[in-house]
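Input: a single structure, listed below in structure tokens.
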Number of protein chains: 2
Amino acid sequence: MKKIENQQVCDFCIQQSDIFRHLTQEEFSEMSYNKSCNLYKRGDVVYHEGNRVNGIYCIGKGIVKHYKTGIDGKEQIVRFSKKGGIFGFRSILSEEVACTTTKVIEDASICFIPSEQFIYWLKHNSDFSMKMMKLSCKELGEANQYIIDIAQKSVRERLAEILLLLNDNFGTDAEGNLNISLTREEIAGLVGTATESVIRLLSEFKADNLIELDRRHIKLLNIKQLKRICDVF
Amino acid sequence: MKKIENQQVCDFCIQQSDIFRHLTQEEFSEMSYNKSCNLYKRGDVVYHEGNRVNGIYCIGKGIVKHYKTGIDGKEQIVRFSKKGGIFGFRSILSEEVACTTTKVIEDASICFIPSEQFIYWLKHNSDFSMKMMKLSCKELGEANQYIIDIAQKSVRERLAEILLLLNDNFGTDAEGNLNISLTREEIAGLVGTATESVIRLLSEFKADNLIELDRRHIKLLNIKQLKRICDVF
DNA sequence: CGGGCAGTTGACCCCGCTCAAGCGCGGTGG
DNA sequence: CCACCGCGCTTGAGCGGGGTCAACTGCCCG
């Protein structure tokens, strides 16, 4: 886990983030002073499930996955975070240990802000506090949706939904491929199924001309039909 | 849906709730002035999924279930709230419509506090605001746990877990029965399975002397063994 | 007494998980 | 430069958990 001081990229992360838009100039300077910025490579772990987290993290560049480890070490991915996103706050605010492991899946530049600083802002800047409140409640709504999806939809439906969700969250590159590179196993951990099932269903989708596959590059060809597959509700 | 003004029970709900402990005397009086208290019967709906919620609710007495409606109207219960609990805040804070329906399962006395009042407190009482933050993040952690449970555990394991969870949350009455009365269908909606599966597994548990069944009264006989069943992680 | 709903039980079968074998590609070392 | 290795990916076979459907019971209530 290589960590390099890199203040320049770090300022970028503040500008990107909705959460920090409402800081005053003074607060902004204080933040720059107190935070530290590190570079991470794919596979690096930011923190482990069950560990105490003593600050929040914001992303200037790259993508991380948040997952819980279950039976036989099988990963269940509950969320991603990308440029402009923050994470780690759940554990601090609920005063519990981390409920997920956070691992880098695309080389990233991530800032660390000590929890004292974070808590101080929450208490003294109500705009910031309301933004945080909104964020955590939004994530709660998404988690609730996830629960009913996994409980009631078929794997096929969930896979279609996940593909659309990745499309919305990460968009596409010049060739039209999803702007996130996941192994089949990671997709399985996201959908909540076995790796083999993901492979079979992706092949089916390809045969039906819904998607194009080239190794880890996935291109959505027929979004309307994919929506029809997952919108059973 | 019978609603009766009932100020006396309502004061009780404020005293019960952790969330309101930190209000000043002045704030407490203001709250009593602005809130309204209503009585609900089993089956009454407090608000529907997809509707706008314009205040938060706190419970003086009774139990409600929060559920999402899925395929064929199948309910997925995501949470309960009981005496001292508050709900409805997620929708207000995330500025979205309600993501769940809230229905009474045990006759209840529930207060309504307009969102302007709620938001005002959040902005002007940082203790209150921190409490709310903690609550929403705690719920988020529970939702994440729920996701991996449903994705990776068997129905048998989940049912055992749910029984223990009900035991922790609602305790037992004088005869040792769980202090919450649920239909088999509701248990199924909680576990995320079919009603018939719940019935079969409950019978199994009974045959193994893990529980005692008498209609909707459930009594846990061997908590240690139930824990062993659900703790596969 | 009859209707309706919750609960129960049995039969059936399909989705999706597991296991096992084979393939393709990139990296490494001789 | 090629041979080997290992990991990620793919495909097939088999089977079992659990969902669905249907029939029946018991109980409450009009």
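In the text below, chain A, chain B and the rest are named by the order of the sequence lines, each starting its count at 1.
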How sharply is the helix from C/dC1-D/dG30 to C/dG30-D/dC1 bent, taking the axes over five pairs at either end and rounding to 10 degrees?
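That helix gives 30° between its end axes.
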Return all side-chain donor-acceptor pairs below 3.5 angstrom for residues 162-180 of chain A, not counting sequence neighbours, or 'none' if the list is empty.
residue: A/Asp173; atom: OD1; partner: A/Glu175; partner atom: N; Å: 3.0
residue: A/Asp173; atom: OD1; partner: A/Gly176; partner atom: N; Å: 3.0
residue: A/Asp173; atom: OD1; partner: A/Asn177; partner atom: N; Å: 2.9
residue: A/Asn179; atom: ND2; partner: A/Thr172; partner atom: O; Å: 3.4

Taking protein heavy atoms under 4.0 Å as touching, what does nucleotides 10-19 of chain D look like 5' to 3' if B marks base contact, S marks sugar-phosphate-only contact and - marks none?
BBBB----SS
Taking side-chain contact (heavy atoms from CB on, under 4.5 Å) as the test, write out the residues that go with B/Glu204, two or more places apart.
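In terms of side-chain contact (heavy atoms from CB on, under 4.5 Å), with neighbours along the sequence ignored, B/Glu204 is linked to B/Arg156, B/Leu201.
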Just jot down the side-chain contact (heavy atoms from CB on, under 4.5 Å) partners of B/Ala143, sequence neighbours excluded, or say none.
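Here the qualifying residues are A/Leu140, A/Ala143, A/Asn144, A/Ile147.
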Strand contacts (DNA chain D) in residues 174-181 of chain A, 4.0 angstrom heavy-atom criterion
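By residue number: none to list.
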Not counting sequence neighbours, which residues clear ring pair (Phe, Tyr, Trp, His ring centres under 6.0 Å) with B/Phe112? List them please.
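Counting only residues at least two positions away or on another chain, B/Phe112 forms a ring pair (Phe, Tyr, Trp, His ring centres under 6.0 Å) with B/Tyr57.
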Atom CZ of B/Arg42 to atom P of D/dC28: distance rounded to whole Å?
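For the pair B/Arg42 CZ and D/dC28 P, the rounded distance is 15 Å.
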Could you note down all residue pairs passing ring pair (Phe, Tyr, Trp, His ring centres under 6.0 Å) where residues 189-214 of chain A supplies at least one of them, sequence neighbours left out?
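Every candidate ring pair (Phe, Tyr, Trp, His ring centres under 6.0 Å) pair involving residues 189-214 of chain A fails, so no pair, neighbours aside, qualifies.
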Under 3.5 Å: donor-acceptor pair, side chain of B/Thr100, backbone of B/Tyr67:
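Pair absent, no side-chain N/O of B/Thr100 close to backbone of B/Tyr67.
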Under 3.5 Å, sequence neighbours excluded: what are the donor-acceptor pairs made by side chains of residues 187-200 of chain B?
none

Taking any atom under 4.0 angstrom from a heavy atom of chain A, which nucleotides of DNA chain C are the first and last to qualify, 5' to 3'?
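Counting from the 5' end, contacts occupy C/dG16 to C/dG26.
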Whether the B/Thr102 and B/His66 side chains hold a donor-acceptor pair (N or O, under 3.5 Å, no angle test) is what I'd like checked.
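Per modelled atom types, B/Thr102 and B/His66 side chains form a pair under 3.5 Å.
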For the OG atom of A/Ser81 and the CD atom of A/Glu139, what is their distance to the nearest 0.5 Å?
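It is 7.0 Å, given to the nearest 0.5 Å.
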Note, A/Leu202 side chain near A/Ile211 side chain (heavy atom, < 4.5 Å):
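Yes. Closest side-chain heavy atoms under 4.5 Å.
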Using the side-chain hydrogen bond (donor to acceptor under 3.5 Å, both in side chains) criterion, which residues pair with A/Gln225? Sequence neighbours excluded.
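Counting only residues at least two positions away or on another chain, A/Gln225 forms a side-chain hydrogen bond (donor to acceptor under 3.5 Å, both in side chains) with A/Arg228.
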Which atom pairs, donor and acceptor, lie under 3.5 Å between side-chain atoms of residues 87-95 of chain A and protein residues at least two apart or in another chain?
residue: A/Arg90; atom: NH1; partner: A/Ser94; partner atom: OG; Å: 3.4
residue: A/Arg90; atom: NH1; partner: A/Glu96; partner atom: OE1; Å: 2.9
residue: A/Arg90; atom: NH1; partner: B/Cys137; partner atom: O; Å: 3.1
residue: A/Arg90; atom: NH2; partner: A/Glu96; partner atom: OE1; Å: 3.4
residue: A/Arg90; atom: NH2; partner: A/Val97; partner atom: O; Å: 3.4
residue: A/Ser91; atom: OG; partner: A/Glu96; partner atom: O; Å: 2.7
residue: A/Ser94; atom: OG; partner: A/Arg90; partner atom: O; Å: 2.9
residue: A/Ser94; atom: OG; partner: A/Glu96; partner atom: OE1; Å: 3.0
residue: A/Glu95; atom: OE1; partner: B/Lys134; partner atom: NZ; Å: 3.1

